[in-house]
Amino acid sequence: MVKTLEWTDEGVVFIDQTKLPTEEVYVTCQNYEEVAEAIRTMIVRGAPAIGVAAAMGIALGVRDLKTHNLSEFRRSFGEICRVMGATRPTAVNLFWAIRRMQAKFEALSSSSLTAAKQGLIDEAQRMYTEDIAANEAMGRNGAVLMPASGGVLTHCNAGALATAGYGTALGVIRAAVESGKKLHVFADETRPFLQGARLTAWELMKDGIPTTLISDNMAGYIMAQGKIGAVIVGADRIAANGDTANKIGTYSVAILAKEHGIPFYVAAPFSTVDLETPNGSKIPIEQRASTEVTHLAGKQIAPTGVNVENPAFDVTPAKYIAAIITERGVARAPFAESLLKLTGD
Ligand code: MRU
């Protein structure tokens, strides 16, 4: 399977997702600023991958600190975390990862600086392996919800490329296919950044999973033709009541699914659940450059100076979600209770 990101002695290596599917190019970020830039420019993207990348970026930054003075070390650590946290606002996995590194830092504060550095590097690598294990568990939990055969629609890329490996929504599809289900994936192209066309279609084809690419405005027509048995997407942040932020266009797909009586599933690791955010209206939505809308593959497709909106995410109200599939189990409405139950509290 494709390696989305990897910790090496030279730095953090990423497959450059802005170049896919035509070029399979790997970039090595040699310091934490380069990792932050890779997140900002979407060389690496997808909520869980952003979280692991940030943790590795912090580990890289800490590894390079020259000071032997603890308070200076602490100040620099804080600055590295601040830079990472300023990259993208919506995926809560980023902030979850930073907080986890901060907690590790505090736990190591009585160790030598050398031991603290190594401890933080180990923690980032642990987050990498845990993410893959969580996706595999999610796959097992979700595979049973997939139809035995037929079409499943997904939006954006919630695959191996969006995680440390295996994927969330695509992980469930992978597990269902591995269990013998005969699925055919319909991948929304996902304007404006085209994660569906460029990334989902690419990674599913690499795995030999039957895939049909459609433009976003075709989803209703395909559903009306009876070709879709389930919709499954990933998530960037799930509020305490189950409202879910995911790639722009997800909300429209959820409403279409409801209209056609098709179950709409969200697959996400528990690190995407943000119990401190009560509902979707409180989720910060990233606004991206207008050129992503006015240009296609570098070519201008709209009049110069036209007003543009480019929210990168929308919020699907919990009432449209049949189930939230996590590595800890499957939550169903009322989500305020079922998600809390999965915390073990
Ligand atoms: O802007 P992106 O490409 O980072 O957005 C990605 C998504 O919206 C994914 O669906 C989400 O992060 C889940 S990935 C497992």
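Whatever order the structure lists ligands and atoms in, that order sets their numbers, starting from 1. No hydrogens, no waters, no symmetry mates; every other heavy atom, side chains included, goes into these values.
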* To do: Return yes if some donor-acceptor pair links the side-chain N/O of Arg237 with the main-chain N/O of Ala245 below 3.5 Å, else return no.
  => no
* Structure fact -> Ranked by distance from atom 14 (S) of ligand 1, the top protein heavy atom is Ala162 CB, 3.4 Å
* **Where ligand 1 meets Arg88 - atom numbers and elements under 4.0 angstrom, heavy-atom basis** => 1 (O), 2 (P), 4 (O)
* Structure fact -> of all protein heavy atoms, closest to atom 15 (C) of ligand 1 is Thr168 OG1, 3.1 Å
* Asked: Below 4.5 Å, heavy atoms only, C-beta onward: do Tyr265 and Ile325 meet side chain to side chain?
  -> yes
* To do: Examine ligand 1 and decide if any of its atoms is less than 4.0 Å from a heavy atom belonging to Phe313.
  => yes
* **salt bridge (Lys or Arg N to Asp or Glu O under 4.0 Å) between Glu106 and Arg74, intermediate numbers included** => CA-CA 10 Å; Glu106 292 309 329; Arg74 179 179 286 280; 2.9 Å; yes
* Polar proximity ligand 1 side, Lys247 side, N/O cut 3.5 Å exclusive -> yes
* Salt bridge check: are Arg174 and Glu203 linked by an N-O gap of less than 4.0 Å? -> yes
* ligand 1 atoms in contact with Gln195 (distance to a heavy atom under 4.0 Å) -> 1 (O), 2 (P), 3 (O)
* Is it possible for you to check whether Lys258 lies under 6.0 Å from the centre of the six-membered ring of Phe264, through NZ or CZ, and within 45° of that ring's axis? => no
* Numbering as shown, the atoms of ligand 1 that approach Ala158 to under 4.0 Å (heavy-atom distance) -> 14 (S), 15 (C)
* **atom 12 (O) of ligand 1 - nearest protein heavy atom and its distance** => Ala47 N, 2.8 Å
* Asked: Less than 4.0 Å between a side-chain N and a carboxylate O, is that true for Glu276 and Arg99?
  -> yes
* Out of Asn246, Thr190, Leu161, indicate the one that has the non-hydrogen atom closest to atom 10 (O) of ligand 1. => Asn246
* Among all protein heavy atoms, pick the one closest to atom 11 (C) of ligand 1 and tell me residue, atom and distance. => Asp236 OD1, 3.1 Å
* Looking only at distances, please establish whether an N/O atom of ligand 1 is found under 3.5 Å from an N/O atom of Pro48. => no
* Structure fact -> If we number the atoms of ligand 1 from 1 as shown, the ones under 4.0 Å from a heavy atom of Met42 are 1 (O), 2 (P), 3 (O)
* Going by heavy atoms in the side chains, are Ile228 and Ile222 under 4.5 Å from each other? -> yes
* Arg45 to ligand 1: N or O pair under 3.5 Å? -> yes
* To do: Answer yes when Glu130 and Arg126 have at least one side-chain N-carboxylate O distance shorter than 4.0 Å, and no when they do not.
  => no
* Are the charged groups of Arg191 and Asp216 less than 4.0 angstrom apart, N to O? -> no
* Asked: For Ala235, is the nearest heavy atom under 4.0 Å from an atom of ligand 1?
  -> yes
